[in-house]
Amino acid sequence: MSEIALPVQQAAELRAQLTREDSGLVAKLSGTADLRVTDSVEAILTRVHQKALELGIPEVQMDLRELEFMNSSCFKSFVSWISDVSDLTAGQYRIRFLSNPSILWQRRSLHALSCFAAELVTIEAGN
Amino acid sequence: MPEQRAAQDLGFCELSFERKPELVSIVRRFVSDFYDRTLCDPDATSRVALATHELLENAVKYSRDGRAKVRIEVSGRGGRVRVRIRTKNRGRPEDAAHIQRTIDEMMSMDANVYYLSLMRKNASRTDGSGLGLARIHAEAEMDMSVACGKNGTITVSAETEVAMPQRKEGAA
């Protein structure tokens with residue numbers, strides 16, 4: 001496992017980590033994704049996408065189990081990211097969301113993302 | 001004739017503040033506790049807290065003087081609880097017109113179909129998400145309306161109904 005640098009400062013409201021693992025790339029977001037960190041979320045997802053293409057990995061795991069809330073601006077960054085992956089003609093990878101069943105907004109929002117790109121997105125309820 | 005019952009106030013709160021984005025998340029946590037106590041339904045609490053956050057963020061972001069108000073009313077009638085969230089800010093008339101057009105479009109089709117179509121349409125948009133209202137309608141399952149007052153006050157309302165919480169025997 002090796003950590004990959006992200007182009008954002010770690011802040012109290014949102015913490016992010018990107019690692020290279022045997023299974024592929026693992027990104028983890030914790031805290032609150034709201035108006036204050038919209039640009040950071042966009043920058044993080046752009047880096048994840050660049051790295052996934054550079055490494056040619058088959059799957060990115062996006063761990064949101066400690067993400068308390070996500071506003072619509074940050075949610076839209078996920079929509080844009082998935083749309084970019086969907087538009088790829090080569091190097092397309094799958095996205096697996098790790099969710100927390102006790103954080104109830106995740107069920108609806110991640111379901112919406114899986115409907116947006118059913119062939120790319122899977123959701124796994126984590127512990 | 002069905003019996004007409006007066007609506008029973010189960011709680012309300014009103015908050016006003018200036019442009020400070022960090023306050024929106026604080027308010028969401030506060031109102032989550034408020035909804036939790038009044039609705040006793042974790043799923044409904046999560047839905048209306050999400051809607052409160054989205055409405056409030058919009059009210060703060062698009063306020064001309066940086067000020068915004070949110071008022072939440074919870075009332076019960078005939079086994080149902082109605083939650084109404086209203087935000088007020090000083091906006092531009094074109095903002096109200098834009099919100100009205102979005103609501104009209106949203107109401108003309110299935111909430112989830114509209115939400116997905118908007119996600120596709122806005123995926124490459126760079127100025128805001130354009131998804132907030134559709135998210136409230138589809139994910140929070142709330143109906144919305146907008147009104148523009150003479151003094152430029154824009155009021156956006158979202159409403160939903162949930163089942164009346166059942167008190168456990170012996171509970172205070």
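Order of the sequence lines sets the chain letters (A, B, ...), proteins ahead of strands, with each chain counted from 1.
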Looking only at side chains, do B:R135 and A:S109 share a donor and an acceptor under 3.5 Å apart?
yes
A side-chain contact here means heavy atoms from C-beta on lying under 4.5 Å apart; do A:L104 and B:P42 qualify?
yes
Using a 4.5 Å cut-off on heavy atoms from C-beta on, say whether the side chain of A:L113 contacts that of B:M119.
yes
Salt bridge (charged side-chain N to carboxylate O under 4.0 Å, His left out) assessment of A:E68 paired with B:R28
CA-CA 11 Å; A:E68 184 208 345; B:R28 176 173 43 76; 3.3 Å; yes
hydrophobic_cluster_shared for B:L133 and B:Y62, side chain cutoff 4.5 Å
no
Quick one: which residues of residues 14-44 of chain A reach chain B at under 4.5 angstrom, heavy atoms only?
A:T32, A:D34, A:L35, A:R36
Mind checking whether A:F69 and B:H53 have parallel, tilted or perpendicular rings, split at 30° and 60°?
tilted
Does a side-chain N-to-carboxylate-O contact under 4.0 Å join B:E139 and A:R107?
no
Using modelled atom types only, decide if a donor and an acceptor are shared between the side chain of A:K76 and the backbone of B:T126 within a distance under 3.5 Å.
no
Can you say whether B:S46 sits under 4.5 Å from chain A via the side chain, the backbone, both, or neither, judging by heavy atoms?
side chain
More than 12 foreign heavy atoms under 6.0 Å from CZ of B:R29: is that the case here?
yes
Apply side chain to side chain donor-acceptor pair (under 3.5 Å) to B:E54 and A:N71, showing your working.
CA-CA 7 Å; B:E54 295 290 359; A:N71 75 349; 5.6 Å; no
Just give me the residue among B:A138, B:S25, B:G130, B:S124 that pairs up with chain A most often, heavy atom to heavy atom, under 4.5 Å.
B:S25
